[in-house]
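Some notes on the structure that comes next.
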Amino acid sequence: MITGKNYIGNQLSAEGETNYKTFNPQLNIENPVEFTEATTQEIDQAVILASEAFKAYRNISGLRKAEFLDAIADEILDLGEELIEIYCSESGLPKGRAEGERSRTIWQLRSFAELLKEASWVEASIDTAILDRAPNPKPDLRKMLVPIGPVVVFGASNFPLAYSTAGGDTAAALAAGCPVIVKSHPMHSGTGELVASAVIKAAKKTGMPNGVFSNLNSSGIEVGVQLVEHSKVKAVGFTGSIKGGRALFDLASKRPEPIPVFAEMGSINPVVLLPQALEERAESLAKTYANSVTLGTGQFCTNPGLILGIKSSGLNHFIETLSEEILKIEPSCMLHPNIKGAYDRNKESAIRQDGLKVAANYADEVQVNYAQQTVTTVNGKVFLENPTLHQEVFGPFTMVVQCEHIEQLEKLILKLEGQLTATLIAEDEEAAEYPKIISALQNRVGRLIYNGVPTGVEVCPSMVHGGPFPASTDSRFTAVGVNSIKRWVRPFCFQNWPDQLLPDELKNDNPLNISRFVNNIQTKSKL
C-alpha cells in the first residue's frame, strides 16, 4: 500500500506541507496518491541516522550484508503485481518492460550478494615486514578497500527500478558497506515507496541498523540540493541529464569538504558504418537500427542518436531503408509530458539548424504523450561546424552524418564529447584497415561495440557503463556490474598492526579464504 510518505530510516514520516502527485502518461491524468515532500528536518534526520548506522554497518560481515541484499530481492518479488501496476501507471511503459526491469533489479542485488560471499573484492594486499633490511627496516603494511560513508542516490526517470530506489547504485553502495539515502524521482514516487518498503522489511529481517536506508520524496530540486550539501553525506550517485548531473557535481565540489559525484549523464552513442559493410548489408543494418532507435521510445542512455558514414551508394541505401523502416514502427508513449515536451523542443531545435535535412518524420496523428520518430541527415562539414548538432535529443531520434572521406570521419569522431558507447559496423576483413578510426572511437567512449547495437546493457563484471565527460563525471568507473562497487570505497592501509586487531581480510590465517596479493604474489595461502 502506498502512503505518499517518506521513509526516515525504519519509520514513515510526512511532516511537510507541500504535496504532489505522479502522472499517468498513457491516460494523461494524475495518479490519485499525494506524496509529501521531505522537510529540512526530515532530511537532517535521515542523514544523521545514516551516519550513525555507518558506524555499525561498515563492520558487519560480508555474509550478513549478502543476506540483506538477497532479502531485498525477495521482498521486491513479494510485492507482486502491485509493483508492476504502479510502475506502469507512473511510467507509461508496458508490463513486459516492467517485469524485465524487475528481473534485472533482482539480478543486480543477487550479483552483489554473491560478490560479498566470495569477499575477494576488497583487494587485500599484504607486504610483510623486513626488519633487518638496511639501511631502513621495512614495516608490515596491509591494505584493503573500505566504505566511504553515507551515500545519496538519485532515482532515474527512465528506469523506475533498475536505476532507482534499489537499483544498481543503491545495491553497490549497500554492498560496499555504505548506508543509502535515496532521493526518489518524482515521476515514479509510488514505485519508489513500494521498493523502499521492501528494503526496510529486509533490513529489519536481517538485523541491519536503523538508518541503513531512507527514501525521501521531492518534486523539485530543493531536497536534492540539501542532501548533496549535507556535511555527513560522503558521495552521490546520479543517472540523468547533463544539466542535472553537472549541477550536483558543482555543488559537491564547492562544499567545505568536497565529495565525489558519480553521475552517468547524456550520450548520443555514435555508430560508424564502414564502406564495405554498407555495400554488403545496408538494408539489414537499416532495419536493425530502426528498431534500436525506437526501442523504449528512444528513452535509453545508450540510444544510437548519431550514425556516421562516408558518402556512397551504400550509405544512401541505408538512409532510404532506415527512413522507410522507422515509419513502419508504431509510436509509443514517453515517460511524462515534460519528457515528451523536451523531446519535441530539442527535435525542432535540431531540425531548424542550417544544412540539416529530415529524411523521415512520423507525421500521422498520435496519442497524447506519444513520440513521433525522426531520421535526419547532414553532411560532415556542417556537423563539424555546428556544436548544436552534437547534443542529445532524448527520444526516438537519430542523425546520419555523411562524411566526404575517411579523414573527415576521423576528425569528426575526435571532435565528439565523451560518450557511453560507440559502435563499429564492419566486415571482418575491413575493420583492420581503419586503425585510426578504432583508436579515435576508443578515446571517446567507455564501451566499443562491434557489429551490434548499443541498446542493451548486460549486468556482468566485464561491463563498462561510463565514459569520458559528459557521459560520466569519472571515466575510471562503471555504473553497471559488480565492479561499480569501487565507486563507494577507498583504499586504507594498516601499518605494523597486531594480527588480532586486523580485519579478517588481512589476518595472517586468512579466515575468509580469499585471494590476496601477498608479497607480490596472488594467493589464498596463510602467512
Side-chain angles (χ1 to χ4, degrees), residues 267-293 295 300-323 325-326 375 377-381 383-384 389-390 398-458 460-468 471-472 475 478 480-481:
S267 186
I268 53 176
N269 306 295
V271 178
V272 173
L273 306 169
L274 291 183
Q276 188 178 340
L278 278 172
E279 291 300 321
E280 297 287 337
R281 45 196 173 100
E283 188 167 329
S284 64
L285 287 169
K287 291 178 180 179
T288 296
Y289 270 87
N291 288 315
S292 181
V293 169
L295 184 67
F300 292 127
C301 50
T302 52
N303 190 58
L306 182 67
I307 300 174
L308 312 172
I310 299 169
K311 289 181 178 180
S312 66
S313 59
L315 183 58
N316 291 339
H317 186 34
F318 173 85
I319 294 170
E320 291 169 3
T321 308
L322 176 64
S323 300
E325 293 296 324
I326 208 164
V375 176
T377 67
V378 68
N379 69 53
K381 184 176 184 295
F383 185 85
L384 280 168
L389 298 177
H390 300 203
T398 196
M399 182 185 304
V400 183
V401 181
Q402 302 180 68
C403 299
E404 296 293 336
H405 40 65
I406 196 66
E407 291 78 16
Q408 187 180 67
L409 174 59
E410 181 187 356
K411 184 178 180 180
L412 191 153
I413 294 169
L414 293 171
K415 283 278 188 179
L416 292 176
E417 293 181 324
Q419 308 290 332
L420 292 170
T421 78
T423 303
L424 185 72
I425 303 295
E427 297 301 293
D428 288 347
E429 62 271 19
E430 77 171 326
E433 299 173 13
Y434 296 90
K436 290 184 178 180
I437 296 297
I438 296 171
S439 178
L441 289 171
Q442 186 177 1
N443 192 47
R444 305 310 306 136
V445 306
R447 175 165 58 112
L448 186 55
I449 300 143
Y450 184 73
N451 279 342
V453 294
T455 38
V457 181
E458 186 68 30
C460 67
S462 299
M463 173 55 65
V464 172
H465 192 63
S472 67
S475 62
T478 177
V480 171

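No experiment lies behind these values; they were computed from the predicted model shown.
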Assess whether a salt bridge exists between Lys411 and Glu407, defined as any Lys/Arg side-chain N lying under 4.0 Å from an Asp/Glu carboxylate O. no
Check whether more than 12 heavy atoms from other residues, nucleotides or ligands sit under 6.0 Å from atom NZ of Lys311, and answer yes or no. yes
Could you point out which residue of Val378, Ile310, Val272 forms a side-chain contact (heavy atoms from CB on, under 4.5 Å) with Val401? Val378
Separation between OH of Tyr450 and OG1 of Thr423, rounded to the nearest 0.5 Å: 12.5 Å
For the pair Ile425 and Tyr289, evaluate side chain to side chain contact (heavy atoms under 4.5 Å, CB included) and give the outcome as yes or no after the intermediate values. CA-CA 11 Å; Ile425 303 295; Tyr289 270 87; 4.1 Å; yes
Rounded to the nearest 0.5 Å, what separation is found between the CG atom of Leu285 and the NZ atom of Lys287? 11.5 Å
Within-4.5 Å side-chain heavy-atom neighbours: Leu322 and Thr398: yes
Would a distance-only check, ignoring hydrogens and angles, find a side-chain to backbone donor-acceptor pair under 3.5 Å from Thr478 to Gly466? no
Heavy-atom side-chain contact between Pro304 and Pro454 under 4.5 Å: yes
For Val445, is there any backbone N or O sitting under 3.5 Å from a side-chain donor or acceptor partner on Gln419? no
pair Arg281-Thr288: side-chain heavy atoms closer than 4.5 Å: no
Assess whether side chain to side chain contact (heavy atoms under 4.5 Å, CB included) is satisfied between His390 and Leu306, documenting all intermediate values. CA-CA 8 Å; His390 300 203; Leu306 182 67; over 6 Å; no
Output for pair (Thr377 OG1, Ile307 CD1), nearest 0.5 Å, gives 11.5 Å
Which distance, rounded to the nearest 0.5 Å, do you find between the CZ of Arg444 and the CD1 of Ile413? 11.0 Å
Looking at side-chain heavy atoms only, is the closest gap between Asn316 and Gln402 below 4.5 Å? yes
Mind checking the CG-CD1 spacing from Leu424 to Ile438? Nearest 0.5 Å is all I need. 5.5 Å
Could you check if a side-chain atom of Ser439 sits within less than 4.5 angstrom of a side-chain atom of Asn443, using non-hydrogen atoms only? no
Do Val400 and Leu273 have side chains that get closer than 4.5 Å, going by heavy atoms? no
Taking the side chain as every heavy atom from C-beta outward, state whether Glu283 and Glu325 have any atom pair closer than 4.5 Å. no
Do we see a donor-acceptor contact under 3.5 Å between the side chains of Gln276 and Glu433? no
Side chains of Thr455 and Ser292, donor plus acceptor under 3.5 Å: yes
Check the pair Leu420, Arg447 against side chain to side chain contact (heavy atoms under 4.5 Å, CB included), reporting the backbone distance first and the verdict last. CA-CA 6 Å; Leu420 292 170; Arg447 175 165 58 112; over 6 Å; no
Could you state the interatomic distance from CG (Leu414) to CG (Leu409), rounded to the nearest 0.5 Å? 9.5 Å
Scan side-chain atoms only and decide if Asn269 and Thr302 contain a donor-acceptor pair under the 3.5 Å cut-off. no
Counting only heavy atoms not in Glu430, do more than 12 sit closer than 6.0 Å to its CD atom? yes
